[in-house]
Number of protein chains: 2
Amino acid sequence: MPSFEALLQASQAACDALSADDDGLKREILAHAGNRWSLGVVHALGVGGTLRHAEIARRLDGVTQRMLTRTLRQLERDGLIARHDYDEVPPRVDYRLTELGRGLLVGMVPLWRWVMDNADDFREARRAFDDKTL
Amino acid sequence: MPSFEALLQASQAACDALSADDDGLKREILAHAGNRWSLGVVHALGVGGTLRHAEIARRLDGVTQRMLTRTLRQLERDGLIARHDYDEVPPRVDYRLTELGRGLLVGMVPLWRWVMDNADDFREARRAFDDKTL
DNA sequence: CTGTATCCGGTGGGATACTG
DNA sequence: CAGTATCCCACCGGATACAG
């Protein structure tokens, strides 16, 4: 387990690069983590392998066709998932994770666990803050 | 190094929890990663320790007073940074990372490195996608 | 089945000017 | 110095209806 100081050194290089993120691309990749359905899609494809639109929808509670399509397009655009259109009638399209997509899944799991483990602290912090500012 | 299958198991638990994220709090915590200035602030406080508003501003190229204040409030609300108002004239306020904030920094560094290391692939994926859809 | 078009509210990000 | 007020635009998330 590295010291916090060693971690800051790594953080330094990372944050310098993110500061020089002229076109905002790196930040937009990270933004996938905060998007409503991106994580669910990546996870579903990680577990399910190659899935069709309707199959993914069935695994994401509450998602609409529109939002699922938009989410899939965003992830495809950044190379995280691959879309295969069989060009049949009726339509048949499926999606799978790319190597990049698997990398995102790998990188996100520790962060997910951390957020889960500290969810109560976040909730408490918000309650305290909102009370104070009344 | 764990297998991808083992990772999926961890992913399963994490994603189940995120699916049951009724109030969206967990997702909002992750959203800090995609916000324009949050990462920079967390990093600046990680490196700089306890800093005043103007000191943070000097370390973030291009940030406006308004956006820095809003970013600091959001991070404070979620318990990631602590704000100390000395109640003096002229005003004197400083900020520091909390334990939760250090946890975010720890969790983000691997992801930052991954994004940096694959930036070219993301750019290439976008180029290919945008060309294809013309 | 997969996807688009339209319309809407909320919020992130920003420019600018002002206040205690 | 730290923060607020006002106005702006873009985009996310969603509801609903429609199309190939």
Side-chain angles (χ1 to χ4, degrees), chain A residues 18-19 21-25 27-41 44 50-78 81-96 133, chain B residues 18-19 21-25 27-41 44-45 50-78 81-96 132-133:
Chain A
L18 288 176
S19 298
D21 188 21
D22 302 324
D23 51 2
L25 189 141
R27 220 172 31 76
E28 287 181 35
I29 301 298
L30 289 172
H32 285 302
N35 286 346
R36 180 75 184 84
W37 301 108
S38 298
L39 291 178
V41 168
T50 299
L51 296 176
R52 302 181 62 176
H53 181 109
E55 292 173 326
I56 302 173
R58 233 170 286 128
R59 291 164 187 248
L60 300 181
D61 195 42
V63 71
T64 62
Q65 280 186 358
R66 176 178 133 73
M67 288 314 297
L68 180 53
T69 299
R70 190 196 279 189
T71 301
L72 289 167
R73 286 293 171 289
Q74 288 172 346
L75 293 172
E76 183 196 0
R77 179 165 185 246
D78 288 334
I81 64 176
R83 176 179 186 272
H84 185 209
D85 188 340
Y86 290 86
D87 232 332
E88 298 176 355
V89 181
R92 173 182 169 80
V93 182
D94 60 33
Y95 301 87
R96 59 179 178 77
T133 53
Chain B
L18 287 176
S19 298
D21 189 20
D22 303 323
D23 51 3
L25 189 142
R27 219 171 33 74
E28 287 181 36
I29 300 299
L30 290 172
H32 285 302
N35 286 347
R36 181 75 184 83
W37 302 108
S38 297
L39 290 177
V41 168
L45 292 177
T50 300
L51 296 176
R52 301 182 60 178
H53 182 110
E55 292 173 326
I56 302 173
R58 234 171 285 127
R59 292 165 187 246
L60 300 180
D61 195 41
V63 71
T64 62
Q65 280 188 357
R66 176 178 133 74
M67 287 314 298
L68 180 53
T69 299
R70 190 196 278 189
T71 301
L72 289 168
R73 285 293 172 287
Q74 289 172 347
L75 293 172
E76 183 197 0
R77 180 165 185 246
D78 288 335
I81 63 175
R83 176 179 186 273
H84 184 210
D85 188 339
Y86 290 85
D87 231 331
E88 298 176 356
V89 181
R92 172 182 169 82
V93 182
D94 60 32
Y95 300 87
R96 59 178 177 78
K132 192 173 55 182
T133 54

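Please read these numbers as outputs of a predicted model, since none were measured by experiment.
Residue His53(A) is the one, among His53(A) and Arg27(A), whose nearest nucleotide of DNA chain C lies closer to the 5' end (criterion: closest heavy atom).
Two residues are said to be in side-chain contact when any heavy atoms from C-beta on lie closer than 4.5 Å; Trp37(B) and Val63(B) meet this criterion. Between Thr50(B) and Leu45(B) the shortest side-chain heavy-atom distance does not fall below 4.5 Å. In this structure, the side chains of Leu30(A) and Leu39(B) come closer than 4.5 Å at one or more pairs of heavy atoms.
Partners of Ala31(B) under the side chain to side chain contact (heavy atoms under 4.5 Å, CB included) rule, at least two apart in sequence or in another chain, do not exist in this structure. Scored by the salt bridge (Lys or Arg N to Asp or Glu O under 4.0 Å) test, Asp23(A) finds Arg123(B) as partners (sequence neighbours excluded). Taking the side chain to side chain contact (heavy atoms under 4.5 Å, CB included) definition, one finds that Asp85(B) meets it with Arg83(B), Asp87(B), Val93(B), sequence neighbours left out. Legend: residues meeting salt bridge (Lys or Arg N to Asp or Glu O under 4.0 Å) with Arg36(B), ordered by chain and number and at least two apart, are absent. Partners of Arg59(A) according to the salt bridge (Lys or Arg N to Asp or Glu O under 4.0 Å) rule, which considers only residues two or more places apart in sequence or in another chain, do not exist here. Applying the side chain to side chain contact (heavy atoms under 4.5 Å, CB included) test to Gln65(B) and every residue at least two apart in sequence or in another chain returns His53(B).
Near DNA chain C, meaning a heavy atom under 4.0 Å from it, residues 81-91 of chain B has Pro91(B) in order of number. Contacts between residues 58-74 of chain B and DNA chain C, counted as heavy-atom distances below 4.0 Å, involve Thr64(B), Arg66(B), Met67(B), Arg70(B), Gln74(B).
In this structure, CG on Asn35(B) lies 5.5 Å from CD on Gln74(B), to the nearest 0.5 angstrom. Taking CG of Asp94(B) as the reference point, atom CD1 of Ile56(B) lies at 9.0 Å (rounded to 0.5 Å).
Residue pairs meeting the salt bridge (charged side-chain N to carboxylate O under 4.0 Å, His left out) criterion with at least one partner in residues 64-76 of chain B, sequence neighbours excluded, are Lys132(A)-Glu76(B).
One end of the helix from dC1(C)-dG20(D) to dG20(C)-dC1(D) points its axis 40° away from the other end's axis, with each axis taken from 5 pairs and the angle rounded to 10°.
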Q.
Apply side-chain contact (heavy atoms from CB on, under 4.5 Å) to residues Tyr95(B) and Leu51(B) and explain how you reach the verdict.
A. CA-CA 5 Å; Tyr95(B) 300 87; Leu51(B) 296 176; 5.9 Å; no

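For DNA chain C, the span of nucleotides reached by chain B at under 4.0 Å from its heavy atoms goes, 5' to 3', from dG12(C) to dG20(C). In the 5' to 3' direction, nucleotides of DNA chain D lying under 4.0 Å from heavy atoms of chain B begin and end at dC1(D) to dT6(D).
For Glu55(B) (side chain) and Arg52(B) (main-chain N/O), a donor-acceptor pair under 3.5 Å exists by modelled atom type.
When every heavy atom of Val41(B) is checked against every heavy atom of Leu68(B), the shortest pair comes out as CG2-CD1, 3.9 Å.
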